Undergrad: 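First, the structure itself, so that you have it in front of you.
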Amino acid sequence: MDWEEPEKKRLNLEEIHCFSSESPQTTETIAVLETQVDDMTAQAIAYTMEQLLQNGALDVYTQAIGMKKSRTGILITVICPCNYQGVCEQILFRETSTLGIRCRLQERKILHREIYEVLTEYGTARVKIARRDEQVGSYTVQPEYDDCAKLARSHNVPLIRVQEAVKLAGQELLNKL
């Protein structure tokens, strides 16, 4: 089954959020899709998750559940922007054995964040910086996992060491902003 994939582009924050300088957070509406399966392999579920994440899902997670007739099953939950709901539903129907998907819209609060590149002794990596509240110094600095994992592999060092270096570089950058 083919589908039209929504155009992927890098949006600036003004296009994504109605961000007020008085508040470090904003509210957005997202789609939450859920389905349960009891006859799929772990590899097929992992592949489905990859497909969902590559095609607009913000997050995908699974939970082991007990289903009717005492069968063990897996609950697949997909969180996606509303404009990706149709694509994610098509992937679930195509890649899983499900016969139905539950859908609901939810509001979520998100912190304003910006992504920066920082230089460490291991190389360049991206870091997300988010303001938690109006207090000075009240920020979250989060290294990008994929960048850190790549650097850890290429330097043959523990991931946590690279993440700490990236976080420190992000905090130093924050002090300069």
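For clarity, every value in this text was computed on a predicted model and none was experimentally measured.
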Undergrad: Do Ser154 side-chain atoms and Leu151 backbone N/O form a donor-acceptor pair below 3.5 Å?
TA: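 Confirmed, Ser154 side chain pairs with Leu151 backbone.
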
Undergrad: Could you tell me which non-hydrogen atom of Leu33 sits nearest to which non-hydrogen atom of Cys80, and how far apart they are?
TA: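 Reported closest heavy-atom pair: CD1-SG, 4.3 Å.
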
Undergrad: Under 4.5 Å between side-chain heavy atoms, hopping through other hydrophobics if needed: is there a path connecting Leu173 to Leu168?
TA: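 Different clusters: Leu173 never reaches Leu168 through Ile, Leu, Val, Met, Phe, Trp or Tyr contacts under 4.5 Å.
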
Undergrad: Please answer: with hydrophobic residues joined when any side-chain heavy atoms are less than 4.5 Å apart, are Val78 and Val32 in the same cluster?
TA: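 As far as the 4.5 Å side-chain criterion goes, Val32 and Val78 are not connected within one cluster.
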
Undergrad: For a 4.5 angstrom cut-off between non-hydrogen side-chain atoms, does Val60 reach Ile76?
TA: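 When only atoms from C-beta onward are counted, Ile76 and Val60 do touch, with a gap below 4.5 Å.
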
Undergrad: Using 0.5 Å steps for rounding, measure from the CD1 atom of Ile45 to the OG1 atom of Thr62.
TA: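 The OG1 atom of Thr62 is 6.5 Å from CD1 of Ile45, to the nearest 0.5 Å.
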
Undergrad: Check whether any side-chain heavy atom of Ile30 sits under 4.5 Å from a side-chain heavy atom of Pro81, and report yes or no.
TA: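 Result no, sub-4.5 Å side-chain heavy-atom pair not found.
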
Undergrad: Let me check something: do Leu111 and Ile79 share a hydrophobic cluster, defined by ILVMFWY side-chain heavy atoms less than 4.5 Å apart, either directly or through other members?
TA: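 No.
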
Undergrad: Strictly distance-based, threshold 3.5 Å: is any side-chain N or O of Asp147 a donor or acceptor partner for the main-chain N or O of Arg126?
TA: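 Yes, Asp147 side chain to Arg126 backbone: donor-acceptor pair under 3.5 Å.
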
Undergrad: Do Glu95 and Glu50 touch side chain to side chain, with heavy atoms closer than 4.5 Å?
TA: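 Contact flag for Glu95/Glu50 side chains = no.
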
Undergrad: Quick one: pull up OG1 in Thr77 and CG in Leu52 and give me the separation to the nearest 0.5 Å.
TA: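 Taking OG1 in Thr77 and CG in Leu52, the distance rounds to 11.0 Å.
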
Undergrad: Would you please say whether a donor-acceptor pair under 3.5 Å links the side chains of Glu89 and Gln85?
TA: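 Yes, side-chain donor-acceptor contact under 3.5 Å.
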
Undergrad: Report yes if some heavy atom in the side chain of Arg153 is under 4.5 Å from a heavy atom in the side chain of Leu159; otherwise report no.
TA: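 Result no, sub-4.5 Å side-chain heavy-atom pair not found.
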
Undergrad: Measure across Tyr139 and Ile129 and return the closest heavy-atom pair with its distance rounded to 0.1 Å.
TA: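 Answer, listing the atom of Tyr139 first, then Ile129: CD2-CG2, 4.0 Å.
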
Undergrad: As an exercise, state the distance from OH of Tyr61 to CG of Leu75, rounded to the nearest 0.5 Å.
TA: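 One gets 7.0 Å once the value is rounded to the nearest 0.5 Å.
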
Undergrad: Can Ile110 be reached from Leu58 by stepping across I, L, V, M, F, W or Y side chains whose heavy atoms are under 4.5 Å apart?
TA: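 They do not share one cluster, since no chain of ILVMFWY contacts under 4.5 Å joins Leu58 to Ile110.
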
Undergrad: Give the minimum heavy-atom separation between Pro143 and Cys148, together with the two atoms involved.
TA: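 Shortest heavy-atom contact: CB-SG, 3.6 Å.
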
Undergrad: Measuring from Gln142:CD to Gln163:CD, what's the distance to the nearest 0.5 Å?
TA: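 CD of Gln163 is found 7.5 Å from CD of Gln142.
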
Undergrad: One thing to verify: whether Glu28 and Lys109 come together as a salt bridge, which I'm taking to mean a side-chain N less than 4.0 angstrom from a carboxylate O.
TA: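 No, Lys109 and Glu28 are not salt-bridged.
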
Undergrad: At what distance, to the nearest 0.5 angstrom, does OG1 of Thr98 lie from CE of Met40?
TA: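 So the OG1 of Thr98 and the CE of Met40 are separated by 9.5 Å.
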
Undergrad: First locate atom CG of Leu92, then atom CD1 of Ile101, and finally report the distance between them rounded to the nearest 0.5 Å.
TA: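 These two atoms lie 4.5 Å from each other.
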
Undergrad: Under the criterion side chain to side chain contact (heavy atoms under 4.5 Å, CB included), which of Asn55, Leu53, Thr48 is the partner of Gln51?
TA: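 Going through Asn55, Leu53, Thr48 one by one, the side chain to side chain contact (heavy atoms under 4.5 Å, CB included) with Gln51 is satisfied by Asn55 alone.
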
Undergrad: Minimum heavy-atom separation for Cys82 and Thr29, please, with both atom names.
TA: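 So the minimum-distance heavy-atom pair works out to SG-O, 3.6 Å.
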
Undergrad: Are side-chain N/O atoms of Tyr116 and Glu114 paired as donor and acceptor at under 3.5 Å?
TA: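 Their side chains do contain a donor-acceptor pair, which is all the 3.5 Å distance test asks for.
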
Undergrad: Do Tyr122 and Val166 come close enough that some side-chain heavy atom pair is under 4.5 Å?
TA: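 Not in contact.
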
Undergrad: Of all the heavy-atom pairs spanning Ala169 and Thr120, show the shortest one and how long it is.
TA: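 Closest approach of Ala169 to Thr120, heavy atoms only: CB-CG2, 4.1 Å.
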
Undergrad: Any side-chain heavy atom of Val157 within less than 4.5 Å of one from His155?
TA: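 Contact flag for Val157/His155 side chains = yes.
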
